[in-house]
Chemist: 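Structure in structure tokens, see below.
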Amino acid sequence: MEKGKAVMGAGRRWAVEFTDNSTSHSSRDIPDPPGFTRASQEQDDSALSKQKKDAEANWKAQKAWEVAQAPFKNLFMMAFMMWMAGSTVHLFSIGITFSALLQPVNALRGVGKVFEPYKDNKVDLLAPKLVFIALNLVGLGLGIWKLNTLGLLPTHVSDWVSSLPPPQEVEYSGGGIPLH
């Protein structure tokens, strides 16, 4: 049988083999065309890979800073809600105040989980975490201040010991009648 021809029955050709198995050439044996080298292509691929990794690290750093600054927006909203609740002790003001206390506490407990998606060897998360913690501590301080203005914090000795007299009131409202 000749190479590239197959015989079926009475010498009829029915298939042609296009591969030449006598001498096998690999892609490395064929010379590169003028102006093209495989080494430059591998360097370009590594440069693109490095640029892609740098872009991803920059994106992660930017998103980490956005997450770190998110409690700042919440501070103004919570301060407005506390101002709207007033300074009298009732269910709404107590609910707003405890919400203002619980949100920062829960955020501080989950700092690691919040910044987990942005963890990378090239991204420094220390500064965003510190900003996040500081802003949540400010929110916690705002809630504690509201508790104090409502008179719900024990700030005097008589709050702890029942046999001691309460402190003297500094301000009176008598409608023009002197209280002596």
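Residue indices begin at 1 and follow the sequence shown. Keep in mind it's a predicted model, so treat the numbers as computed, not measured. Keep in mind that the numbers below use all heavy atoms, side chains included, and drop hydrogens, waters and symmetry copies.
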Chemist: Met78, Ile133: one ILVMFWY side-chain cluster at the under-4.5 Å cut-off?
Modeler: no

Chemist: Which residues satisfy the side chain to side chain donor-acceptor pair (under 3.5 Å) test with Ser162, sequence neighbours excluded?
Modeler: none

Chemist: Looking at Asn136 and Pro71, what are the two nearest heavy atoms and their distance?
Modeler: ND2-CG, 3.7 Å

Chemist: Would you name the heavy atoms of Val67 and Tyr118 that are closest together and state the gap between them?
Modeler: CG2-OH, 3.6 Å

Chemist: Stepwise, does the side chain to side chain contact (heavy atoms under 4.5 Å, CB included) test hold for Val131 with Phe72?
Modeler: CA-CA 10 Å; Val131 168; Phe72 184 70; over 6 Å; no

Chemist: Test your reading of the model: is there a side-chain donor-acceptor pair from Lys146 to the backbone of Met82, 3.5 Å cut-off?
Modeler: yes

Chemist: CG of Leu130 to CG of Leu125: how many Å apart, nearest 0.5 Å?
Modeler: 10.5 Å

Chemist: Under 4.5 Å between side-chain heavy atoms, counting indirect links through other Ile/Leu/Val/Met/Phe/Trp/Tyr residues: same cluster for Phe92 and Leu102 or not?
Modeler: no

Chemist: Considering non-hydrogen atoms only, spot the tightest contact between Pro104 and Ser99 and give its length.
Modeler: CD-O, 4.5 Å

Chemist: Between CG of Leu142 and CE of Met81, what distance do you get to the nearest 0.5 Å?
Modeler: 12.5 Å

Chemist: Rounded at 0.5 Å granularity, tell me how far CG in Leu147 sits from CG in Leu152.
Modeler: 5.5 Å

Chemist: Which heavy atom of Ser93 sits nearest a heavy atom of Thr97, and at what distance?
Modeler: O-OG1, 2.6 Å

Chemist: To the nearest 0.5 Å, what is the distance between CG on Leu150 and OG1 on Thr88?
Modeler: 7.5 Å

Chemist: With a cut-off of 6.0 Å (strictly less than), are more than 12 heavy atoms of other residues, nucleotides or ligands near CH2 of Trp145?
Modeler: no

Chemist: Using the test side chain to side chain donor-acceptor pair (under 3.5 Å), find all partners of Ser158 that sit at least two apart in sequence or belong to another chain.
Modeler: His156

Chemist: Among residues at least two apart in sequence or on other chains, which ones pass ring-ring contact (aromatic ring centres under 6.0 Å, His included) with Phe115?
Modeler: Phe132

Chemist: Quick one: do Glu56 and Lys52 make a salt bridge, cutoff under 4.0 Å?
Modeler: no

Chemist: Before giving the answer on salt bridge (charged side-chain N to carboxylate O under 4.0 Å, His left out), spell out for Lys113 and Glu116 the whole-Å C-alpha distance, their side-chain angles and the decisive distance to 0.1 Å.
Modeler: CA-CA 5 Å; Lys113 290 178 186 175; Glu116 186 72 30; over 6 Å; no

Chemist: When Ile, Leu, Val, Met, Phe, Trp and Tyr are grouped by side-chain heavy atoms lying under 4.5 Å apart, directly or through other members, which residues fall in the same group as Val157?
Modeler: Trp160, Val161, Leu164

Chemist: How is the hydrophobic cluster of Trp83 composed, in terms of its other members, when Ile, Leu, Val, Met, Phe, Trp and Tyr link through side-chain heavy atoms under 4.5 Å apart, directly or indirectly?
Modeler: Phe80, Met84

Chemist: List the atom of Pro128, the atom of Ala64, and the distance in Å for their closest heavy-atom pair.
Modeler: CB-O, 3.9 Å

Chemist: Using 0.5 Å steps for rounding, measure from the NZ atom of Lys53 to the CG atom of Asn58.
Modeler: 14.5 Å

Chemist: Considering residues at least two apart in sequence or located in another chain, which fulfil the side chain to side chain donor-acceptor pair (under 3.5 Å) criterion with Lys122?
Modeler: Asp54

Chemist: Hey, could you give me the CG/CE distance between Leu75 and Met77, rounded to the nearest 0.5 Å?
Modeler: 9.5 Å

Chemist: Can you confirm whether Asn106 is buried at CG, in the sense that more than 12 heavy atoms of other residues, nucleotides or ligands lie under 6.0 Å from that atom?
Modeler: yes

Chemist: Can you name the closest pair of heavy atoms from Ile144 and Leu101 and give their distance?
Modeler: N-CD2, 3.6 Å

